[in-house]
There are 4 protein chains.
Amino acid sequence: MDKKELIRNSAIKVIAAEGYHNTTVKMIAQKAEIAVGTIYNYFSNKGEILNYIFEVEFNKRIELLQQLKQKNISLKEKIMIFLDKHFADLKANSDTATVLIQESKLPRKHSLEAINNFMNKLPDLLAKIIDQAREKEEIRIVNSQLVANIIFHTIRGVATKVVKDNKLSFTEAKKELLDQIWFGLSK
Amino acid sequence: MDKKELIRNSAIKVIAAEGYHNTTVKMIAQKAEIAVGTIYNYFSNKGEILNYIFEVEFNKRIELLQQLKQKNISLKEKIMIFLDKHFADLKANSDTATVLIQESKLPRKHSLEAINNFMNKLPDLLAKIIDQAREKEEIRIVNSQLVANIIFHTIRGVATKVVKDNKLSFTEAKKELLDQIWFGLSK
Amino acid sequence: MDKKELIRNSAIKVIAAEGYHNTTVKMIAQKAEIAVGTIYNYFSNKGEILNYIFEVEFNKRIELLQQLKQKNISLKEKIMIFLDKHFADLKANSDTATVLIQESKLPRKHSLEAINNFMNKLPDLLAKIIDQAREKEEIRIVNSQLVANIIFHTIRGVATKVVKDNKLSFTEAKKELLDQIWFGLSK
Amino acid sequence: MDKKELIRNSAIKVIAAEGYHNTTVKMIAQKAEIAVGTIYNYFSNKGEILNYIFEVEFNKRIELLQQLKQKNISLKEKIMIFLDKHFADLKANSDTATVLIQESKLPRKHSLEAINNFMNKLPDLLAKIIDQAREKEEIRIVNSQLVANIIFHTIRGVATKVVKDNKLSFTEAKKELLDQIWFGLSK
DNA sequence: TATGAATGAGGGTTCATTCAT
DNA sequence: GATGAATGAACCCTCATTCAT
């Protein structure tokens, strides 16, 4: 059993419930049923744990986006595939979703690399995908940077709502989201 | 000079730069050039300061939305006016904007009333405004709750980006945002 | 209306309920319905308030004991009279009783003059009264200092019990106490 | 070396000299030559330290009294044995004695369990022992509850005096005390 | 005299991190 | 690697006291 994974998963559960700042390293150790000291064999400090959580999720998504970027399919399809995977992921790991939403905003001075990547590089890559579509004249003329950001936060907005409000189904949300994004982009 | 306002403004500056959890009450006192104890003559604890910051901003926005709701103008115009005022406000008080975005996500267990109001009642009211437009058949059929959330978070997302990134102009962002929202809604 | 008395009486009520150390000057001011600052026009600091409470009670008792000392009656009668007055007083002012018992033990380093007087001069005077009785051979040979202390603390102990426990009657307690003291002294 | 004992003993010394309310946790840590934080590994808060001090002493005495209760010896002998042990203990640990006397009176609202036990359950058990003797007609008819309290406070009164006044010998005090109690009880 | 806002030293407590076992 | 007791800086908050009005 991989201990680093054990710690990551335990941390996600506690942080989702308590928030990163109200989570103590001891709490994470208890959830993982290991000693505090052990955590420091895998992470150099508390911040690194949160950073690692974002890193893993960031890598999942950047990889997916990179694959999509190279695929020869329409932007609409790309967005659909991304939403499918992303929402499937959130549904399966709602604690992770909570953490990603809850802990994503640190002031510059105390920022973590993986969080910055998550919040900046994902929209950046999305912007490139939009540029591609623009060149192929699939969509109307837009400021791709801005629109990528809009889409990114649109997705987060829906995720926030769905995670909090269990009356809303993921599938319905996904459909509405796709419409909202696509009608916003199409010529 | 109103001391409570002085404290609120000082707190906004420090929290914007440091984040709420890295902000000490002492820091706020120093920024306000008063003693720590004085702060506790106006706020019963640290959390109340943050709560008050949200309360003030929440009231501003809820008032504006309520006015708009009653106005006999199109949804598009309502959104335009809201974006105008909102962005003007953010531009004038970028620290406040930072705080509103940075500190809005507390786990249920440690939540503050005014933050909850901000994050729930504002989209709720927005949803009602969308419902009105729907009844007048200004827009296509949508899940208003969900779309209100999308719009709310989209605005926040763009605001974040623009506040942080001085290459992006507020006016361009506003235009792009309006298009994206409007095309997403119109029939 | 004498403000110093007002403060003393308010202080007694609050201190009885909260204990001296959990009592703030503000609490006393609120109970007295005056401003904190006003208290400092009559007492130089918080300790002085407690000191004054003991001073007043000390004076009452020392006066009584001095009168008794000069009276030409038996020791038993003197004790009876003292118990009568003392218990009548406690009954009428149970908050004062509580304070006298609760707050009487301060470590030497932080001691207050009136408390020291209360705890030392009262037993001292009682010892002298016992000595008188001893000279008249009313009682057996005893270490009067010690016995005076015993009596003093015994009275306080029973008072505590009776004040707290409403099942016990003052009159029965007084009788039992007198017996116990008297049989302990008589030849 | 048991750390909890170390803390207890250090606390006793500081509290005896300063009083509980003038004692800071830091002072206790310094006396124990450990870090403040360490204290909180053994006690959940400052009050628990005082509580534990009383708990230990309460247990010592309740155990002794329980043993005595079962012994088939006269009440006078029981009292003698108790006084012997108690005073030997006080003599050996005069700081503990000081704490037990000084800190025993907290207002109901802020009371500690072990202090309440000490002040109530000890006299209660003593009352039962007196009842036994009464049934065997060893002593005169008395309200055992009251008399138990009287004796309890009588002992405390002497202890107070002896602890404060080093001119008085424990042995002399013990003798006087026994007389006072016994003559008070005997037929 | 009466007021009560302002003060800031100092209290109890927490918790990320270390390190000897 | 695994442990968890020990650490102590730093936090939030209190409250006796002052002083301008």
Margin query: Rounded to whole Å, please give me the gap between NZ in K26(A) and C1' in dT13(E).
Written below: 13 Å
Check: Nucleotide range of DNA chain F contacted by chain A, 5' to 3', under 4.0 Å to a heavy atom?
Finding: dG1(F) to dG4(F)
Margin query: In this structure, how many angstroms lie between the C1' atom of dG8(E) and the CD1 atom of I28(B), rounded?
Written below: 17 Å
Note to self: Does dA2(E) have its OP1 or OP2 closer than 4.0 Å to a side-chain nitrogen or oxygen of Y42(C)?
What the structure shows: yes
Notebook entry, point to check: Looking at dG8(E), dA16(E), dT13(E), which one has an atom nearest to any side-chain atom of Y40(A)?
Noted result: dA16(E)
Check: Toward the 5' end of DNA chain E, which comes first, E33(B) or N41(C), by nearest nucleotide?
Finding: N41(C)
Note to self: Both G37(B) and I34(D) contact DNA chain F. Taking the nearest nucleotide for each, which residue is further toward the 5' end?
What the structure shows: I34(D)
Notebook entry, point to check: Quick one: does S104(A)'s side chain get under 4.5 Å of L100(A)'s, heavy atoms only?
Noted result: no
Next item on the list: Measure the CD1-OG distance between I101(A) and S94(A) for me, rounded to the nearest 0.5 Å.
Entry: 10.0 Å
Item checked: Any Y42(B) side-chain heavy atom under 4.5 Å of E48(B) side chain -> no
Exercise answer: donor-acceptor pairs, residues 53-61 of chain B side-chain atoms, under 3.5 Å, sequence neighbours excluded:
residue	atom	partner	partner atom	Å
E57(B)	OE1	K60(B)	NZ	3.3
E57(B)	OE1	R61(B)	NH1	3.0
E57(B)	OE2	K60(B)	NZ	3.4
N59(B)	ND2	E55(B)	O	3.3
R61(B)	NE	H86(B)	ND1	3.4
R61(B)	NH1	E57(B)	O	3.1

Check: Heavy atom of residues 3-24 of chain A under 4.0 Å from DNA chain E: which residues?
Finding: T23(A), T24(A)
Notebook entry, point to check: Which stems does DNA chain E form, counting runs of 3 or more consecutive Watson-Crick or G-U wobble pairs with both distances under 3.5 Å?
Noted result: E:2-21 with F:2-21
Next item on the list: Would you indicate what V25(B) reaches in the nucleic acid, counting non-hydrogen atoms under 4.0 angstrom: base, sugar-phosphate, or nothing?
Entry: sugar-phosphate
Notebook entry, point to check: Going from CD1 on I28(D) to CD1 on I7(D), what distance comes out if it is rounded to the nearest 0.5 angstrom?
Noted result: 8.5 Å
Check: Does N9(A) reach the side chain of D95(A), with side-chain heavy atoms less than 4.5 Å apart?
Finding: no
Item checked: Atom pair distance, as rounded to whole Å: CD1 in I39(D) and P in dC15(E) -> 18 Å
Check: Can any side-chain N or O of K46(C) pair as donor or acceptor with the backbone N or O of T23(C) at less than 3.5 Å?
Finding: yes
Check: Considering heavy-atom distances to DNA chain E, does T38(C) or T38(B) have its closest nucleotide positioned more toward the 5' end?
Finding: T38(C)
Next item on the list: Determine which pairs satisfy ring pair (Phe, Tyr, Trp, His ring centres under 6.0 Å) with at least one residue from residues 15-40 of chain A, sequence neighbours left out, and list them in order.
Entry: H21(A)-H21(B)
Next item on the list: Output yes when a side-chain donor or acceptor of N120(D) lies under 3.5 Å from a complementary backbone atom of N116(D), and no otherwise.
Entry: yes
Note to self: Taking salt bridge (charged side-chain N to carboxylate O under 4.0 Å, His left out) as the definition, give me every residue that meets it alongside E5(D), ordered by chain and number, with sequence neighbours left out.
What the structure shows: R8(D)
Notebook entry, point to check: Should K46(D) be listed as having a side-chain N or O under 4.0 Å from OP1 or OP2 of dG12(E)?
Noted result: yes
Checklist line | L50(D) side chain reached by I115(D) side chain, heavy atoms, under 4.5 Å | finding: yes
